[in-house]
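Here the structure comes first, spelled out in structure tokens, and everything after it is commentary.
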2 protein chains.
Amino acid sequence: MVSNTDLSDALAQRLSDSGLRSTPQREVIYNVLLTKRDHPTAEDVFARVKPEMPMISIATVYNCLETLVQCNLVRAVNFERGPTRYCPNLHPHAHFHDEQTGATHDIDLPDSLLGQVKSILPPNFDASSVEIIFRGKARPAA
Amino acid sequence: MVSNTDLSDALAQRLSDSGLRSTPQREVIYNVLLTKRDHPTAEDVFARVKPEMPMISIATVYNCLETLVQCNLVRAVNFERGPTRYCPNLHPHAHFHDEQTGATHDIDLPDSLLGQVKSILPPNFDASSVEIIFRGKARPAA
DNA sequence: AATTCTATTTAGAATGATTCTCATTCCTTA
DNA sequence: TAAGGAATGAGAATCATTCTAAATAGAATT
Ligand SMILES: [Mn+2]
Ligand SMILES: [Mn+2]
Ligand SMILES: [Zn+2]
Ligand SMILES: [Zn+2]
């Protein structure tokens, strides 16, 4: 199993690799993201962190989330112009946005398909990232 | 060739199909989108329309763009949380967002690939749309 | 043609997510 | 134990967009 301190260590490592400090705020926010991987917004994260850390500010939540994204520990996900959502799943994956419920689901993305998708680009386009977003209805899983 | 009135007729047709009226504002905005297909924002469209129609308001630009999207004459495109951009290309295509210049390029999307992308969805997911966004650098075409 | 009935347009206010400012606090290092 | 920079936090500011409500226009009906 992976202990809580292991996760903190991994976080501290990534942060210091980027010349940044590990702080209680960054740790608790990262843990919140790992605990419930439902693509919460910054406000969602704020609400989940508050019980553990009542004095934290929304500005700090935004700051820390941005830091985690810069360190490549978290992905920012956007649907239309809605609030940015945060995802700690680092495997290549697409997102399915359920229009009825608003839920976001991770869809595993095979390397082979990722390659094929990139191959539609004319040679003068050099893509640093590819994002695939599905929109529709998800029937409750069997 | 396709005349200006043909385009207005097609627009009027689509609008009345949806129980909506063809108006000078809707026509000029649609023509602006067809004339320079560089994925302008609402503010860009506003600026391009003003010379022809100085009294038009930004609220109307937003209203008309939304109407054109609802009629499936135009696609709304979003990159991160930037302002929504509008695209009159109705063929299935992906978007390439050049991070240096901010330019947006249409990337033709073969039906076969679209099918393969949809096929990664587990059977309980019913997608009504798929969006593919590339981000990176586009070298000037040869 | 005049009247009625709404769709549409418009100016300006309001909204909401995010970013900015800057004072305070916290660490790290000398 | 100072100093200096990093990080936090409260509140103001920003910006794209949406909302509100009044004016206008246009189609349909008398
Ligand atoms: Mn999106
Ligand atoms: Mn996007
Ligand atoms: Zn995800
Ligand atoms: Zn396009």
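None of these values were measured; they are calculated from a predicted model. Each chain gets a letter, A, B and so on, in the order the sequences are listed, and its residues count up from 1.
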Quiz item: In whole Å, what is the span from the CG atom of A:Leu65 to the C1' atom of D:dT8?
Solution: 14 Å

Quiz prompt | Minimum-distance pair of heavy atoms, taken over all atoms of A:Ala94 and A:Phe134 | solution = CB-CE1, 3.8 Å

Exercise. Could you check A:Glu43 against B:Arg21 and say which one's nearest nucleotide on DNA chain C is further toward the 5' end?
Key: B:Arg21

Self-check item: Interatomic distance where CZ belongs to B:Arg85 and P belongs to D:dA16 [whole Å]
Solution: 10 Å

Quiz item: Hey, which of these two, B:Arg81 or B:Gly19, hits DNA chain C nearer its 5' end, going by closest nucleotide?
Solution: B:Gly19

Quiz item: Is A:Gln25 touching bases, backbone alone, or none of the nucleic acid, heavy atoms closer than 4.0 Å?
Solution: sugar-phosphate

Quiz item: If only atom types and distance count, is the side chain of A:Thr101 paired as donor or acceptor with the main-chain N or O of A:Ala103 below 3.5 Å?
Solution: yes

Quiz item: Between the side chains of A:Asp106 and A:His93, is a donor N or O closer than 3.5 angstrom to an acceptor N or O?
Solution: yes

Exercise. Give B:Leu20 one of three labels, base, sugar-phosphate or nothing, depending on what nucleic acid heavy atoms sit under 4.0 Å from its own.
Key: sugar-phosphate

Practice problem: Round to a whole Å and report the spacing from CZ of B:Phe46 to P of D:dA16. | Solution: 13 Å

Self-check item: Check: B:His39 ring centre within less than 6.0 Å of B:His95 ring centre
Solution: yes

Practice problem: Grab the CD1-P distance between A:Ile58 and D:dA7 for me, whole Å please. | Solution: 19 Å

Self-check item: Atom-to-atom span, OH of B:Tyr30 to P of C:dT8 - whole angstrom
Solution: 18 Å

Quiz item: Does the side chain of A:Gln13 pick up a donor-acceptor pair with the side chain of A:Asp9 at under 3.5 Å?
Solution: no

Quiz prompt | Interatomic distance, B:Glu80 CD vs C:dT19 P [rounded to whole Å] | solution = 11 Å

Self-check item: OP1 or OP2 of C:dT9 under 4.0 Å from side-chain N/O of B:Thr23
Solution: yes

Quiz prompt | Length of the line joining B:Phe79:CZ and D:dC15:C1', which is rounded to integer Å | solution = 19 Å

Practice problem: For C:dT19, take OP1 and OP2 only and decide whether either is under 4.0 Å from a side-chain N or O of A:Tyr62. | Solution: no

Practice problem: Can you tell me the distance, in whole Å, between the CE atom of B:Met55 and the P atom of D:dA23? | Solution: 15 Å

Exercise. Identify, between B:Ser22 and A:Asn63, the residue whose nearest nucleotide on DNA chain D lies closer to the 5' end.
Key: A:Asn63

Exercise. Identify whether any heavy atom of A:Thr84 sits under 4.0 Å from a base atom; if not, whether one sits that close to sugar-phosphate; answer base, sugar-phosphate or nothing.
Key: sugar-phosphate

Practice problem: Classify the nucleic acid contact of A:Thr60 as base, sugar-phosphate or nothing, counting any heavy atom under 4.0 Å across all strands shown. | Solution: base

